[in-house]
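Let me begin by presenting the structure, written as structure tokens, before commenting on it.
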4 protein chains.
Amino acid sequence: MPLPRSGPVRSEAARQAILQATADLLAERGYDALTIEGIAARAQVGKQTIYRWWPSKGAVIAECLLEGKILPGRLLVPDTGDIRHDLSQWLTTVFALLGEDQGETLLRSLVAAAAENADTGRRLRDSLTGSGSVAGRLRSAIGTAPNLTTDTPVDELAEALSGAVILRALSREPLREPDLVRLLDAVLGR
Amino acid sequence: MPLPRSGPVRSEAARQAILQATADLLAERGYDALTIEGIAARAQVGKQTIYRWWPSKGAVIAECLLEGKILPGRLLVPDTGDIRHDLSQWLTTVFALLGEDQGETLLRSLVAAAAENADTGRRLRDSLTGSGSVAGRLRSAIGTAPNLTTDTPVDELAEALSGAVILRALSREPLREPDLVRLLDAVLGR
Amino acid sequence: MPLPRSGPVRSEAARQAILQATADLLAERGYDALTIEGIAARAQVGKQTIYRWWPSKGAVIAECLLEGKILPGRLLVPDTGDIRHDLSQWLTTVFALLGEDQGETLLRSLVAAAAENADTGRRLRDSLTGSGSVAGRLRSAIGTAPNLTTDTPVDELAEALSGAVILRALSREPLREPDLVRLLDAVLGR
Amino acid sequence: MPLPRSGPVRSEAARQAILQATADLLAERGYDALTIEGIAARAQVGKQTIYRWWPSKGAVIAECLLEGKILPGRLLVPDTGDIRHDLSQWLTTVFALLGEDQGETLLRSLVAAAAENADTGRRLRDSLTGSGSVAGRLRSAIGTAPNLTTDTPVDELAEALSGAVILRALSREPLREPDLVRLLDAVLGR
DNA sequence: AATTAATCGAGACGGTACGTCTGGTCTTTGT
DNA sequence: ACAAAGACCAGACGTACCGTCTCGATTAATT
């Protein structure tokens with residue numbers, strides 16, 4: 001039984017303002033330029049209100065990720081029935097996002113955040129390979145492609161695909177059309 | 001004992017001391033606790049001596065990587081002729097290293113450094129997938145496994161494998177024996 | 001005619017707890033370490049209960065002074081008939097109080113409070129020179145000493161004596177026996 | 001033999017800027033509105049440069065006092081040969097200063113600073129009663145007034161006079177002409 | 001009795017300043 | 001010329017309090 005408490009409750013408005021400010025600044029300036037003071041100023045919020053509810057800026061980012069404030073719905077893998085086409089589409093989308101001014105920064109910022117904060121790491125992985133994303137799409141495609149049978153390790157497949165994307169982002173090498181095809185060949189077979 | 005100095009040429013002793021101190025501190029405390037001041041203090045070196053030769057701490061890490069001060073030789077993929085066994089061995093080694101006290105921190109630190117510094121990113125990719133490592137071993141194995149033919153995209157394969165490792169490290173999920181097998185299944189086929 | 005009012009009246013228990021907590025903390029930690037939050041916590045009282053009734057911490061201190069919660073009765077000047085002896089006694093008592101662990105802090109805290117709060121300043125002056133204290137004793141001694149005639153400016157005399165005490169306290173110089181005699185000589189003549 | 005040291009020496013320009021900014025802000029806004037951040041901003045100086053050389057804002061004020069940045073020369077007691085007239089003049093000047101917009105604040109600010117910082121307390125006392133001021137003037141007047149003989153305790157006399165001034169300032173009561181005469185009567189005799 | 005309104009303890013809120021730490025630059029002294 | 005040492009300006013860190021506001025419970029006087 002929770003202790004009966006009086007007094008004001010947590011302000012949802014402040015919470016939203018903080019998450020939004022964090023997402024915006026992360027996209028605009030990148031992870032290492034992201035400061036608690038900056039978030040507080042942008043969100044019109046006292047610093048203590050951030051420290052009261054989150055232990056670190058990594059934790060704030062993790063919650064942004066959870067709330068979908070950072071990686072939007074366009075990361076969902078489409079489902080046209082043709083798994084190769086769908087993944088190709090997804091990869092194109094992801095790298096188009098990376099190609100944008102802010103997108104370039106964004107994924108690397110997330111990786112940096114994930115490297116420093118365990119929770120962010122787990123959530124980033126979920127966002128990329130989770131049921132609503134690559135792994136889910138692969139699972140639904142079992143049987144539609146010769147290499148995708150019931151005993152195909154789809155989770156690991158998704159992991160490998162997403163990991164390749166991250167490695168590309170870290171090495172700053174663009175993923176061009178032919179590379180994309182080869183990557184799918186490598187992971188799905190030909 | 002102070003470093004011996006030898007007039008107006010660049011001091012190799014200072015350079016080595018800086019690289020070693022950086023590598024040590026990175027392994028001991030992690031990327032975000034790594035400071036230029038800390039490096040200078042540990043290396044018994046003036047801060048300016050670091051700023052004179054490197055533009056950022058990311059660049060110092062990149063050079064550490066290049067000099068092999070960080071990722072040691074044990075990351076080389078063994079070559080017994082059995083590519084599946086060799087890669088399994090390599091993955092085991094990498095994750096054993098991650099399991100260690102300092103290793104846990106190390107890869108993530110490298111990823112964090114890579115996320116913030118382009119040069120480090122490229123070098124990290126080279127270290128993992130470069131000719132001396134996974135990609136090279138895969139290339140040399142062409143023909144020895146049914147899925148590895150001359151037109152297999154080995155670079156992308158290596159990328160996917162290494163990427164999966166990074167994603168595991170970021171999500172703090174251990175890579176156990178069965179996962180490992182499934183990952184190889186996913187990438188090499190069965 | 002008073003405005004018709006409903007609801008509970010001011011809690012005397014809360015008021016007393018606040019004044020007592022203030023006096024205690026002032027003696028224990030000194031003026032600059034005295035905070036409204038500290039008082040509220042010590043008195044088991046909500047902050048608003050303080051802000052509802054007092055405009056500032058200076059005002060709380062002033063009321064403590066008025067209620068005798070801070071400067072106790074031992075500051076009363078004794079009356080043995082011998083004015084010189086009585087004042088000497090009083091000065092000794094005051095400086096003995098300063099010598100104590102908490103007393104050292106106390107007078108300076110009062111001075112600090114007086115410097116920031118007009119009301120406290122006036123009350124401090126009244127406590128030291130007011131009718132129940134030095135000025136009163138001097139007035140009652142008119143005629144018993146050659147320098148104390150009906151046209152002696154006793155208020156100013158009391159002010160000078162008390163002021164000297166404050167200045168000594170501010171300069172952290174102890175008032176030893178010979179100094180004490182000289183001070184009385186200076187003020188009362190010889 | 002002092003340790004041989006390399007590196008830059010303390011910047012006198014920064015020191016002067018800090019002292020001047022402190023004195024200005026103290027006169028303009030008063031003691032409790034005086035902040036280290038405010039001083040640093042006004043002096044165009046990093047906060048650390050203040051903390052490197054002074055332990056507290058009280059210590060900065062004490063050094064301002066020592067350098068004459070706060071209490072200017074007009075506090076010197078004039079010397080016309082007539083001690084009563086000179087002291088009357090001095091008291092008038094001091095209270096005129098208190099009557100000014102900034103002066104009102106200044107003495108109380110000094111008292112507040114003195115209450116919190118031992119060094120400031122000692123220096124304030126020296127400024128008021130020291131050899132260059134009231135005590136010195138009294139000493140030089142020995143023999144020119146009936147009450148001022150060689151065995152008059154001039155230091156205590158000066159202390160009583162200055163203390164009375166401080167007490168007046170704390171109680172916010174103006175020192176008018178008749179009070180002034182009575183005060184001198186009380187201290188110098190009639 | 002039911003209603004009304006002010007009080008109470010508690011504590012979240014937007015802020016300011018604290019004292020510390022680090023970044024990157026610049027200056028001094030020594031080799 | 002280069003290296004060490006370290007002072008400089010700048011600004012973020014995480015903490016402590018400020019004074020205001022909000023909450024639910026309690027408590028009198030007014031209906």
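Chain identifiers are assigned alphabetically (A, B, ...) following the order of the sequence lines, protein sequences preceding nucleic acid strands; residue numbering begins at 1 within each chain.
Every residue was checked against the side chain to side chain contact (heavy atoms under 4.5 Å, CB included) condition with Ala41(B), not counting sequence neighbours, and none meets it. Taking Thr22(C) as the reference, nothing meets the side chain to side chain donor-acceptor pair (under 3.5 Å) condition, with sequence neighbours excluded. Residues satisfying the side chain to side chain contact (heavy atoms under 4.5 Å, CB included) test with Ala43(A), not counting sequence neighbours, are Ala17(A), Ile18(A), Ala21(A), Val45(A). For Ala33(A), the side chain to side chain contact (heavy atoms under 4.5 Å, CB included) criterion is met by Arg29(A), not counting sequence neighbours.
Comparing dA3(F), dA12(E), dC8(F) by their closest approach to the side chain of Arg52(D) singles out dC8(F). Here the side chain of Glu37(A) is nearest to one of dT7(E), dC13(F), dG14(E), namely dC13(F).
Of all the residues in residues 42-51 of chain A, Lys47(A), Gln48(A), Tyr51(A) reach under 4.0 Å from DNA chain F with at least one non-hydrogen atom.
In terms of position along DNA chain E, the nucleotide closest to Ser11(A) lies nearer the 5' end than the nucleotide closest to the other residue of the pair Ser11(A) and Thr35(D). Between Arg10(A) and Gly38(D), the one whose closest nucleotide on DNA chain E sits nearer the 5' end is Arg10(A). Place Ile36(A) and Lys57(C) on DNA chain F by their nearest nucleotides, and Ile36(A) ends up nearer the 5' end. Comparing Glu12(D) and Pro55(A) along DNA chain F, the residue whose closest nucleotide (by nearest heavy atom) sits nearer the 5' end is Glu12(D).
Atom-to-atom, CD1 of Ile18(C) to P of dT7(E) comes out at 13 Å; the value is rounded to the nearest Å. Here the C1' atom of nucleotide dA4(F) and the CZ atom of Arg15(B) are 20 Å apart, to the nearest Å. Rounding to whole angstrom units, CH2 of residue Trp54(A) and P of dC13(F) are separated by 15 Å. Note: CG (Asp32(D)) to P (dT16(E)) measures 17 Å, nearest angstrom.
A salt bridge (Lys or Arg N to Asp or Glu O under 4.0 Å) check over residues 39-66 of chain C, counting only residues at least two apart or in different chains, returns the pairs Arg15(C)-Glu63(C), Asp24(C)-Arg42(C), Glu28(C)-Arg42(C), Glu37(C)-Lys47(C).
Proximity of Trp53(B) to the phosphate of dA3(F): a side-chain N or O atom is located under 4.0 Å from OP1 or OP2.
No donor-acceptor contact under 3.5 angstrom links the side chains of Gln16(D) and Gln20(D), judged on distance only. With hydrogens and angles left out, the side-chain atoms of Tyr31(B) and Glu116(B) include a donor and acceptor closer than 3.5 Å.
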